[in-house]
2 protein chains.
Amino acid sequence: MSVSTAVAAKPSQTTSQMPWMTSAFCDDSLSGDLGPTGSVLHFPPDRAIYEEGDPARSFYKVVSGVVRTCRFLSDGRRQIDSFHVEGDVFGFDIGGEYRLSAEAVSECTVIAYRRRGLDAAAAVDDRLARQFFTHAMTCLARAQEHSLLLGRGTAVQKITTFLMEMAERGACDQVIDLPMSRQDIADYLGLTIETVSRTLSHLERDGVIGLPTARRVVLKDRRVLRGMMA
Amino acid sequence: MSVSTAVAAKPSQTTSQMPWMTSAFCDDSLSGDLGPTGSVLHFPPDRAIYEEGDPARSFYKVVSGVVRTCRFLSDGRRQIDSFHVEGDVFGFDIGGEYRLSAEAVSECTVIAYRRRGLDAAAAVDDRLARQFFTHAMTCLARAQEHSLLLGRGTAVQKITTFLMEMAERGACDQVIDLPMSRQDIADYLGLTIETVSRTLSHLERDGVIGLPTARRVVLKDRRVLRGMMA
DNA sequence: CGTCTCCTTGAATTAGATCAATATGTGTGG
DNA sequence: CCACACATATTGATCTAATTCAAGGAGACG
């Protein structure tokens, strides 16, 4: 199995630590299966990659930076479905159009793979179809986990769970450098920006975390933190 | 394509009205693909069909009645992921064990299909693999929709959206006979039983719905109701 | 050094939860 | 048919977690 340098997964990130990075997408086999390597695109922070309702002509893999996928309520309020980091695939909708919007959280680079129809691609390669299936099931598992948190979690449970999620993705176990704003976190957890800020301050006062800067979180007591999750 | 009488979809339910009943599972092709028709099982209300963590040896199709799939928080609180009605497939987890519990909401009959490993079955039949994929993507779309509601919806938005969902499933457009209790609705929407009851009463006082009995809802003004959704 | 954006903190408000009581069935046995 | 127990649902009275409203801080950047 060849791995191109451009889209290789970070070696430090193991599959076991990152359940959303399943075998299907840890290599660049899709680029081989779907034709030549897709086009490399670059986006500045907050730039839309695609919007809900757009014709779904491509799907994407994050090379660097972070992408958010989200939906909007009629009153303009936002629900972030998930954050996508290096190696993650997004925009993988069936049907003619995207059901969520995708936006760059930070400066980021992605590869766009044209999909003339995933059905057609999957039809000629059943191994590919199985990879798609595995990917979909993994996303589903995460979405169900998220629903439990949104429906029944308190602010503290939401924040601690979020921090532990982010810690699993990061290079270091202790220090998390958050790529997203408080507003992003709020919209991911179904909270307000003030509640996010207050809850983080509260956890810091309790000595469970440290906040050297707004975007940097130090997990001081993972055991206590885990006990607060759910 | 043959359709057995035992598991045929209700003719009145169209695919467009029921996006979770996609082509993949509206017929009994799975039974043919996975061996003889699975065993027919019967469950009384509130009986567990399987529990979170059990080895996932089968998946199921609802023949009659309603099934709920749910998870529990450590404090015992419950989040219902979805309700499954006639024709719906559930228990379709990859990995060794179920990630959610399944319980009978009402008296219900299901067919259990043994799965020695869906991967293996899908490997020998790519059409089957594509059906699995489509099913997974449909579940995912619904889960994401539900997240938006749980994360950002008010009690009124949650209840009205729920009622419209149920109306789409039912035989009649105007009258809904709810198969589930107030507690089930509360756990599906991330509310308490009291808030569910109060919100329904409130909608009745406003003349938007009628409540001839606790379990029967009459949609009096679908236009207003739709405007309240989100 | 000012301006801008993002973040934090405080005070007041409120939507929904919790606590507590009453009502509405619903089935059972007399 | 009624009386009773038991489930489930409604309604009312409080309470509280989180939101909203309103100031300030803290960096970043020209």
Side-chain angles (χ1 to χ4, degrees), chain A residues 44-46 68 73 75-79 105-107 149-160 162 176-206 209-217 228 230, chain B residues 44-47 68 73 75-79 104-107 149-163 176-206 209-217 228 230:
Chain A
D46 292 324
R68 62 180 176 244
L73 240 52
D75 61 4
R77 292 194 305 160
R78 185 178 63 165
Q79 176 66 44
V105 170
S106 59
E107 191 85 15
L149 194 64
L150 290 174
R152 290 305 188 189
T154 63
V156 169
Q157 288 175 328
K158 288 175 177 179
I159 292 289
T160 52
F162 170 74
I176 311 168
D177 279 301
L178 299 172
M180 72 289 285
S181 68
R182 294 290 187 267
Q183 188 62 63
D184 284 331
I185 300 172
D187 288 343
Y188 178 64
L189 297 175
L191 297 170
T192 59
I193 183 175
E194 293 96 333
T195 301
V196 171
S197 190
R198 254 186 275 270
T199 306
L200 285 170
S201 299
H202 180 258
L203 291 173
E204 186 186 28
R205 235 170 289 124
D206 290 358
I209 65 170
L211 288 168
T213 72
R215 295 288 184 108
R216 173 163 291 184
V217 184
M228 288 173 147
Chain B
D46 292 323
R47 173 68 54 79
R68 61 180 176 245
L73 240 52
D75 61 5
R77 292 193 306 158
R78 184 178 64 164
Q79 176 66 45
V105 170
S106 59
E107 191 86 15
L149 195 64
L150 290 174
R152 289 305 188 189
T154 63
V156 169
Q157 289 175 327
K158 288 175 177 180
I159 292 288
T160 52
T161 302
F162 170 73
L163 290 177
I176 311 168
D177 280 300
L178 299 172
M180 71 288 285
S181 69
R182 293 291 186 266
Q183 187 63 63
D184 285 330
I185 300 172
D187 288 343
Y188 178 64
L189 297 174
L191 296 171
T192 58
I193 183 174
E194 293 96 333
T195 300
V196 171
S197 190
R198 255 186 273 271
T199 306
L200 286 169
S201 299
H202 179 259
L203 291 172
E204 187 185 28
R205 235 170 288 123
D206 290 358
I209 63 171
L211 288 168
T213 72
R215 295 288 184 107
R216 172 164 291 185
V217 184
M228 287 172 147

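Because the structure is predicted, anything quoted here is derived from the model rather than measured. Here is the naming used below: chain letters follow the sequence lines, and residue numbers restart at 1 for every chain.
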Taking the side chain as C-beta and beyond, is there a heavy-atom pair between A:Leu73 and B:Gln157 under 4.5 Å? yes
Whether B:Thr192 contacts C:dG16 is assessed here as follows: a side-chain N or O lying under 4.0 Å from the phosphate OP1 or OP2. Is that the case? no
Determine the contact category for A:Ser201: base if any of its heavy atoms lies under 4.0 Å from a base atom, sugar-phosphate if only primed atoms, P, OP1 or OP2 are that close, otherwise nothing. sugar-phosphate
Give the rounded distance in Å between these two atoms: CG of B:Leu203 and P of D:dT10. 12 Å
Take atom CD1 of B:Ile193 and atom C1' of C:dA23, then tell me their distance rounded to the nearest Å. 14 Å
What is the distance, to the nearest angstrom, from the NZ atom on A:Lys158 to the C1' atom on D:dA17? 11 Å
5' precedence on DNA chain D between B:Asp46 and B:Arg198 (nearest-nucleotide basis): B:Asp46
Taking atom types as they are modelled, is there a donor-acceptor pair under 3.5 Å from the base of C:dC7 to the side chain of A:Gln183? no
For B:Leu200 and A:Gly190, find the nucleotide of DNA chain D closest to each by heavy atoms; which residue's nucleotide sits nearer the 5' end? B:Leu200
Judged by nearest nucleotide, the residue sitting upstream toward the 5' end of DNA chain C, A:Glu194 or A:Arg152, is A:Glu194
For atom CZ of B:Arg216, is the number of surrounding heavy atoms from other residues, nucleotides or ligands below 6.0 Å larger than 12? no
Any idea which heavy atoms bring B:Leu200 and B:Leu211 closest together, and the distance? O-CD1, 3.8 Å
Kindly say if B:Ser197 contacts the phosphate of D:dT10, meaning a side-chain N or O under 4.0 Å from OP1 or OP2. yes
Tell me the partner of C:dT24, counting only Watson-Crick (N1-N3 plus N6-O4 or O6-N4) or G-U wobble (N1-O2 and O6-N3) with both under 3.5 Å; none if nothing fits. none
How many whole angstroms separate atom CG of B:Asp184 from atom C1' of D:dA9? 14 Å
Working to the nearest 0.5 Å, report the span between OG of B:Ser181 and CZ of B:Arg215. 5.5 Å
Under the rule syn = chi within 90° of 0, otherwise anti, which is C:dA21? anti
So, do A:Met228 and A:Leu203 sit near enough that their side-chain heavy atoms are less than 4.5 Å apart? yes
pair_partner(D:dA7), Watson-Crick or wobble, both distances < 3.5 Å, evaluates to none
Quick check on C:dC7: is either OP1 or OP2 less than 4.0 Å from any side-chain nitrogen or oxygen of A:Arg215? yes
Measure from the side chain of A:Arg205, starting at C-beta and using heavy atoms only, and say which of D:dA9, C:dT9, D:dA18 lies closest. C:dT9
Any base atoms under 4.0 Å from A:Thr154, or only sugar-phosphate, or nothing? Heavy atoms, all strands. sugar-phosphate
Roughly how many Å is it from CG in B:Leu191 to C1' in C:dG16, rounded to a whole number? 8 Å
In whole Å, I'd like the distance from the CG atom of B:Asp187 to the C1' atom of D:dT8. 14 Å
Roughly how many Å is it from CZ in B:Arg182 to C1' in D:dT11, rounded to a whole number? 13 Å
Between A:Leu178 and A:Phe162, is there a side-chain heavy-atom distance shorter than 4.5 Å? yes
Any pair with a residue in residues 183-203 of chain B that passes salt bridge (Lys or Arg N to Asp or Glu O under 4.0 Å), sequence neighbours left out, goes on the list, sorted by first then second residue, please. A:Arg152-B:Asp187, B:Arg68-B:Asp184, B:Arg78-B:Asp184, B:Arg78-B:Asp187
Backbone N/O of A:Ser197 and side chain of A:Ser201: donor-acceptor pair under 3.5 Å: yes
Using nucleotides 26-30 of chain D, report all nitrogen or oxygen pairs with the protein that are shorter than 3.5 Å.
none

What is the distance, to the nearest angstrom, from the CE atom on A:Met180 to the P atom on C:dC6? 15 Å
